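Here's the structure we're looking at; comments come further down.
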Amino acid sequence: MTSKDEPRSREAVKTALSSQAVETPSWAYANSGTRFKVFAQPGVPRTPFEKLDDAARVHAHTGVAPAVALHIPWDRVDDYGELADHAAKSGLRIGTINANVFQDDDYKLGSVTNPDPAVRRKAVQHLLDCVEIMEATGSRDLKLWFSDGTNYPGQDDLRTRQDRLAEALRTVYDRLGDGHRMLLEYKLFEPAFYVTDVPDWGTAYAHCLKLGPQAQVVVDTGHHAPGTNIEFIVATLLREGRLGGFDFNSRFYADDDLMAGAADPFQLFRIMYEVVRGGGLTPDVAFMLDQCHNIEPKIPAIIRSVMNVQEATAKALLVDAEALADAQRTGDVLAANGVLMDAFNTDVRLLLAEVREEAGLDPDPMAAYRRSGWAERIVAERVGGEQAGWGA
């Protein structure tokens with residue numbers, strides 16, 4: 001990457017784009033959706049192995065989706081080494097391991113912050129089991145999201161819940177191996193309506209600071225109050241060396257996990273500009289999708305999200321950093337804003353088509369997928385068994 005005051009050449013932009021990697025979520029290939037209803041689709045994977053097969057199609061057409069995140073227990077198998085081997089044979093690798101401590105009945109009053117010590121032990125043991133899965137799959141990152149919180153004032157002691165959270169995080173952090181990372185996610189609300197135990201980036205950051213350098217913050221773009229300046233959060237975490245990754249998605253009102261860039265492509269561009277500006281376009285920042293495709297076909301929707309992230313990144317790379325710095329130094333407000341708007345309004349589709357063609361790919365991933373016959377094949381072959389999904 002170049003410095004912030006040095007304009008990038010077209011070739012430098014293409015090189016940066018060709019090296020970008022977007023991690024896709026296994027659960028997005030399954031029957032997923034809203035809390036109201038999950039609409040089943042024909043051809044949906046029945047096993048984690050079939051999820052990887054679908055992910056391989058996304059990577060084959062985009063060239064930038066080599067990793068697949070797993071969710072435990074949704075992706076539980078008897079032999080995780082075998083699953084990792086299957087991924088490798090498909091040109092993929094197993095990415096982030098996501099823990100699940102929010103679906104069991106025991107977790108009604110919380111998991112790691114539950115007032116019952118037995119429930120807390122159960123939750124922590126699951127997190128430790130996920131570290132073992134990381135070792136078996138060769139994964140680097142363990143991602144933690146907690147639905148823990150309270151619905152009513154006085155329901156539980158807020159400070160004590162933070163103590164319980166800190167104790168659980170410390171136990172898991174101390175179990176991490178060399179090269180492992182703990183990524184702590186936050187969410188403003190839902191399902192807890194009075195207090196969520198990890199509601200914002202500041203709470204997550206505070207816990208990560210106490211844990212150590214292997215603890216990083218995850219920014220889920222759908223987990224903020226309306227109007228929140230997410231790019232400021234990104235800039236701050238990058239500055240502090242604590243931005244572990246993203247969960248890219250879109251929402252209009254609350255957390256809906258729509259396709260990345262669908263609701264506000266300008267916001268995604270602004271976020272990616274701060275990533276580029278802060279030197280975050282590296283493997284140290286995990287660019288993950290976190291989506292629930294309810295009415296749209298699974299694989300094309302993921303391809304579209306990957307393309308939207310690529311387009312936002314391309315525009316961010318095209319910002320004339322030298323002109324922007326000059327305008328900022330002289331206090332020329334309109335010129336500075338104009339530099340960003342010029343980059344955002346640039347049509348980068350032909351540029352990305354060139355990047356794909358130079359990589360030996362079809363310049364139009366969506367059209368290539370439609371012609372591939374994969375959609376028709378999986379509908380014909382995946383008959384019988386139980387489709388993957390979490391139901392609603």
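Computation of the quantities below employed the complete heavy-atom set of this structure, encompassing side-chain atoms and omitting hydrogens, waters and symmetry-equivalent molecules. Everything numeric here is computed off the predicted structure, so don't read it as measured data.
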Notebook entry, point to check: Can you name the one residue among D54, T47, L52 that meets side-chain contact (heavy atoms from CB on, under 4.5 Å) with E50?
Noted result: T47
Rounded to the nearest 0.5 Å, what separates atom [atom1] in [X] from atom [atom2] in [Y]?
{"X": "I295", "Y": "Q41", "atom1": "CD1", "atom2": "CD", "result": "9.5 Å"}
{"X": "D362", "Y": "E357", "atom1": "CG", "atom2": "CD", "result": "8.0 Å"}
{"X": "E135", "Y": "L176", "atom1": "CD", "atom2": "CG", "result": "9.5 Å"}
{"X": "L237", "Y": "R242", "atom1": "CG", "atom2": "CZ", "result": "10.0 Å"}
{"X": "I233", "Y": "L238", "atom1": "CD1", "atom2": "CG", "result": "12.0 Å"}
{"X": "Q291", "Y": "S250", "atom1": "CD", "atom2": "OG", "result": "7.5 Å"}

N-O pairing of [X] and [Y] below 4.0 Å:
{"X": "K143", "Y": "D247", "answer": "yes"}
{"X": "D220", "Y": "K187", "answer": "no"}
{"X": "E11", "Y": "K14", "answer": "yes"}
{"X": "R10", "Y": "E354", "answer": "yes"}
{"X": "E311", "Y": "R349", "answer": "no"}
{"X": "R121", "Y": "D116", "answer": "no"}

Backbone N or O of [Y] within a donor-acceptor pair of the [X] side chain at under 3.5 Å?
{"X": "S147", "Y": "P191", "answer": "no"}
{"X": "T196", "Y": "V198", "answer": "no"}
{"X": "T160", "Y": "D156", "answer": "no"}
{"X": "Q103", "Y": "N100", "answer": "no"}
{"X": "H180", "Y": "G177", "answer": "yes"}
{"X": "T62", "Y": "V58", "answer": "yes"}
{"X": "Q216", "Y": "D284", "answer": "no"}
{"X": "R382", "Y": "P42", "answer": "no"}
{"X": "D104", "Y": "Y107", "answer": "no"}
{"X": "R181", "Y": "A215", "answer": "no"}

Item checked: Hydrophobic cluster identity match, V218 and Y186, side-chain contacts under 4.5 Å -> no
Please report the shortest heavy-atom distance between [X] and [Y], naming the atom on each side.
{"X": "S26", "Y": "L70", "answer": "OG-CA, 3.9 Å"}
{"X": "D75", "Y": "A69", "answer": "OD2-O, 4.4 Å"}
{"X": "V13", "Y": "L351", "answer": "CG1-CD2, 3.9 Å"}
{"X": "D141", "Y": "A286", "answer": "OD2-CB, 4.1 Å"}

Notebook entry, point to check: Are the ring centres of Y152 and Y194 closer than 6.0 Å?
Noted result: no
Checklist line | Aromatic centroids of F102 and F146 separated by under 6.0 Å | finding: no
Under a 3.5 Å cutoff, is there a donor and acceptor pairing between the side chains of [X] and [Y]?
{"X": "H207", "Y": "Y173", "value": "no"}
{"X": "Y29", "Y": "T24", "value": "yes"}
{"X": "R356", "Y": "Q310", "value": "yes"}
{"X": "D129", "Y": "Q125", "value": "yes"}
{"X": "N114", "Y": "S111", "value": "no"}
{"X": "S18", "Y": "E358", "value": "no"}
{"X": "H224", "Y": "N229", "value": "no"}
{"X": "D197", "Y": "T113", "value": "yes"}

Next item on the list: Measure from NZ or CZ of K315 to the centre of the six-membered ring of F266 and say whether it is under 6.0 Å with the direction within 45° of the ring axis.
Entry: no
Check: Going through the checks in order, is the salt bridge (charged side-chain N to carboxylate O under 4.0 Å, His left out) test met by R170 and D174?
Finding: CA-CA 6 Å; R170 171 55 65 186; D174 289 345; 3.2 Å; yes
Item checked: Sequence neighbours excluded - ring pair (Phe, Tyr, Trp, His ring centres under 6.0 Å) pairs with any residue from residues 287-309 -> F246-F287
